[in-house]
Trainee: 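This is the structure I want to talk about, given as C-alpha cells.
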Amino acid sequence: QVELGSTHREESDLLERLKRTSGRFLTHNFFPPGSREMIINLGSSNQVVREKSLDFVKGALEFGECLGAELYTVHPGFVDDPISESVSLNDGRYDFKFPERSRAAHESRVSDRKRCVELFQASIEQIAPFLQGKRIRLGVETQGSVGQADNVIFSHPNEILEMATRWLPMNIGVNLNLGHLNLSASVSGFDKFDFVERLKPFVLGVEVSHNEGVLDDHKALEKDGWYLQALSDSFFSKIPVIFEGRFEPLERVAESCQLLNLIWAGRE
C-alpha cells in the first residue's frame, strides 16, 4: 500500500493516471491537492475557513472512493488559524506559522480551545452522513506539539478517547500518529503504552516516525525506539502502518520499513 499525501500541485488528470496503476492506496489530508491558499482546519472559529475545510474533506473522500482507497486520514486543526502554509526553518524543518497572541489572548486560550473542539466535533458529525454507502473510511489524526501544545486539538488522551468513542457508531476512527503522541506525552507526562492500548479499538491506521520528544522531526526509525514495542501487538500487523519520514535517504526509509516488518514476522 502507498499513502498519497500532499504534493501541493493541482493536476487535472491525477485520478485517471492513478487508476492506471496497480497499487493499493490510502489518501492523507491535503490530497488531492487543491489551492495553495487552503489550510484544513475543521475546528476553526472562522466559519468560512471551517466550511471550506469541510468541503475539501468531502471532496477528498469522494476522490478516494473513486480511486478505491480504503482510508482517508485528516488533520483535525488548530485553535488559531495559521497565517501561512508553512515556514522554512534553518534546520530544514517545515511548520505552520501562527499569529502572535497577546498575554490576555493567551489567558483566554482554554475557553477558545474548548470552543474549537466543539466546532471540530460538529464538523465530524457533518461528515458522517457523507460516508454512508461508501467503502472508504475516515481516520482523524492524533496531534501533539511542544511549542504549540495549547494550539493543537485532538491531542490530549482523554479528549481523543472521548471523541473516538462518540465516532464509533459513525464508522469513523483514529489515525494514530506516534510521533505526535511522543510530543504530547512530553508535555503532559502520560503513559504512552497505556494510551496506545486503550485507543486500539478505535485505530484505523498508524503513522510512525522518530523524534526526541521536542520537535516533530519525522526521522527514520531506531532499533530501540519505544514505538516498536508499542506496535509489537499483532493487531497492528493487520492495519495500515505508515512510516512518515522526511528528508531521509532511501536506504534509511527501507531500514525503517524493515524494522516494522520484523516486529510482526510470524504473527499474522
Side-chain angles (χ1 to χ4, degrees), residues 3 5-6 28-30 39-41 43 73 75-101 103 105-106 109-110 112-113 116-117 140-161 174-199 203 205-232 241-249 252-253 255-257 259-260:
E3 181 185 79
S6 175
H28 175 66
N29 206 45
F30 198 65
I39 297 175
I40 299 172
N41 188 354
T73 56
H75 293 181
F78 318 91
V79 177
D80 293 329
D81 289 305
I83 58 176
S84 64
E85 178 187 24
S86 61
V87 56
S88 176
L89 306 179
N90 293 332
D91 56 7
R93 295 185 183 91
Y94 292 81
D95 206 348
F96 288 118
K97 185 176 181 180
F98 293 94
E100 295 291 331
R101 274 189 169 237
R103 181 180 180 85
H106 276 290
R109 179 63 67 93
V110 173
D112 289 349
R113 192 179 191 284
C116 287
V117 168
V140 181
E141 184 166 327
T142 58
Q143 297 296 286
S145 175
V146 174
Q148 294 286 337
D150 59 349
N151 194 22
V152 294
I153 61 177
F154 205 58
S155 58
H156 300 166
N158 291 341
E159 175 182 83
I160 294 168
L161 286 163
V174 173
N175 181 46
L176 174 58
N177 187 309
L178 295 176
H180 294 165
L181 176 59
N182 197 42
L183 300 177
S184 184
S186 293
V187 173
S188 302
F190 60 85
D191 187 302
K192 294 176 288 193
F193 297 97
D194 174 69
F195 177 62
V196 170
E197 183 63 27
R198 293 168 64 198
L199 192 64
V203 175
V206 175
E207 291 182 351
V208 58
S209 61
H210 182 86
N211 66 58
E212 299 296 334
V214 179
L215 295 168
D216 194 14
D217 296 313
H218 296 95
K219 290 183 178 179
L221 306 186
E222 302 289 342
K223 292 180 180 179
D224 59 350
W226 70 273
Y227 34 79
L228 296 181
Q229 182 182 343
L231 293 171
S232 62
V241 176
I242 304 298
F243 165 61
E244 191 184 35
R246 185 182 289 173
F247 307 122
E248 290 287 356
R252 292 289 282 142
V253 174
E255 289 170 5
S256 296
C257 293
L259 284 172
L260 292 172

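Positions are given from 1, in the same order as the sequence printed here. Keep in mind that what you see is a predicted model, and the values were worked out from it rather than measured.
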Trainee: Under the criterion side-chain contact (heavy atoms from CB on, under 4.5 Å), I'd like the reasoning laid out for Val208 against Asn177: C-alpha separation, chi angles, the key distance, then a yes or no.
Mentor: CA-CA 6 Å; Val208 58; Asn177 187 309; over 6 Å; no
Trainee: Can His75 and Ile40 be said to form a side-chain contact (heavy atoms from CB on, under 4.5 Å), step by step?
Mentor: CA-CA 7 Å; His75 293 181; Ile40 299 172; 5.8 Å; no
Trainee: Using the rule given for side-chain contact (heavy atoms from CB on, under 4.5 Å), can you reason through Phe247 versus Asp217, listing the C-alpha separation, both sets of side-chain angles and the distance that settles it, and then say yes or no?
Mentor: CA-CA 10 Å; Phe247 307 122; Asp217 296 313; over 6 Å; no
Trainee: Could you tell me whether the side chain of Glu207 and the main chain of Ile242 form a donor-acceptor pair under 3.5 Å?
Mentor: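 No, the answer is negative, given that no donor and acceptor are paired below the 3.5 Å cut-off.
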Trainee: Tell me, do Ile160 and Phe195 make a side-chain contact under 4.5 Å, heavy atoms counted?
Mentor: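 Touching, per the 4.5 Å side-chain cut-off.
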Trainee: If you define the side chain from C-beta out and look only at heavy atoms, does anything of Asn29 sit under 4.5 Å from Thr73?
Mentor: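 With C-beta onward as the side chain, the pair stays apart.
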Trainee: Quick check: closest heavy atoms across Gly43 and Ile153, and the distance to 0.1 Å?
Mentor: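 Taking Gly43 first and Ile153 second, the nearest heavy atoms are CA-CD1, 4.3 Å.
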Trainee: Measure the shortest side-chain to side-chain distance between Asp81 and Ile39 over non-hydrogen atoms and say whether it is less than 4.5 angstrom.
Mentor: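 No, their side chains stay 4.5 Å or more apart.
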Trainee: Could you give the distance from CZ (Arg113) to CG (Asp150), rounded to the nearest 0.5 Å?
Mentor: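 Output value for this atom pair is 8.0 Å.
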Trainee: Counting N and O atoms only, with roles assigned by atom type, does the side chain of Ser184 sit under 3.5 Å from a partner on the main chain of His156, one being a donor and the other an acceptor?
Mentor: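 The answer is no, because no donor-acceptor pair under 3.5 Å joins these two groups.
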Trainee: Is there a side-chain contact between Gln148 and Phe78 in this structure, where contact means two heavy atoms from C-beta onward sitting under 4.5 Å apart?
Mentor: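 Side-chain contact under 4.5 Å: no.
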Trainee: Are the side chain of Asn151 and the backbone N or O of Asp80 linked by a donor-acceptor pair below 3.5 Å?
Mentor: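 Looks like yes, one N/O pair under 3.5 Å.
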Trainee: Within the 4.5 Å heavy-atom criterion, are Leu161 and Leu199 side-chain neighbours or not?
Mentor: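 Side chain of Leu161 against side chain of Leu199, heavy atoms only: contact under 4.5 Å found.
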Trainee: Does some side-chain heavy atom of Val214 sit less than 4.5 Å from a side-chain heavy atom of Leu183?
Mentor: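 A side-chain contact under 4.5 Å is absent here.
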Trainee: Is the shortest heavy-atom distance from the side chain of Glu222 to the side chain of Tyr227 under 4.5 Å?
Mentor: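 In short, these two side chains touch, coming nearer than 4.5 Å.
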Trainee: Drop me the distance from Trp226's CH2 to His210's NE2, to the nearest 0.5 angstrom.
Mentor: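 So the CH2 of Trp226 and the NE2 of His210 are separated by 11.0 Å.
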Trainee: Would you say the side-chain atoms of Ser256 pair up with the backbone N or O of Leu221, donor to acceptor, closer than 3.5 Å?
Mentor: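 Side chain of Ser256 to backbone of Leu221: a pair is present.
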Trainee: To the nearest 0.5 angstrom, please state how far the NE2 atom of His218 sits from the CD atom of Glu248.
Mentor: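 Going from the NE2 atom of His218 to the CD atom of Glu248 covers 11.0 Å.
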Trainee: Hey, mind stepping through His180 and Asp216 against side-chain hydrogen bond (donor to acceptor under 3.5 Å, both in side chains) and telling me if it holds?
Mentor: CA-CA 7 Å; His180 294 165; Asp216 194 14; 3.0 Å; yes
Trainee: So Asn182 and Lys192, do their side chains get closer than 4.5 Å, heavy atoms only?
Mentor: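 The answer is yes; the side chains approach within 4.5 Å.
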Trainee: Mind checking the CG-CD spacing from Asn175 to Glu3? Nearest 0.5 Å is all I need.
Mentor: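 So the CG of Asn175 and the CD of Glu3 are separated by 7.0 Å.
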Trainee: If you take all heavy atoms of Val140 and Phe154, which pair is closest and at what distance?
Mentor: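 Scanning both residues, the minimum pair turns out to be O-CE2, 3.5 Å.
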Trainee: Taking it one step at a time, do Phe190 and Asn158 satisfy side-chain contact (heavy atoms from CB on, under 4.5 Å)?
Mentor: CA-CA 11 Å; Phe190 60 85; Asn158 291 341; over 6 Å; no
Trainee: Between Phe193 and Ala230, which heavy-atom pair has the shortest distance, and what is it?
Mentor: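 Between these two residues, the closest heavy atoms are CE2-N, 3.8 Å.
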Trainee: Ignoring hydrogens, what is the shortest heavy-atom contact between Gln229 and Ser232? Give both atom names and the distance.
Mentor: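 So the minimum-distance heavy-atom pair works out to O-OG, 2.7 Å.
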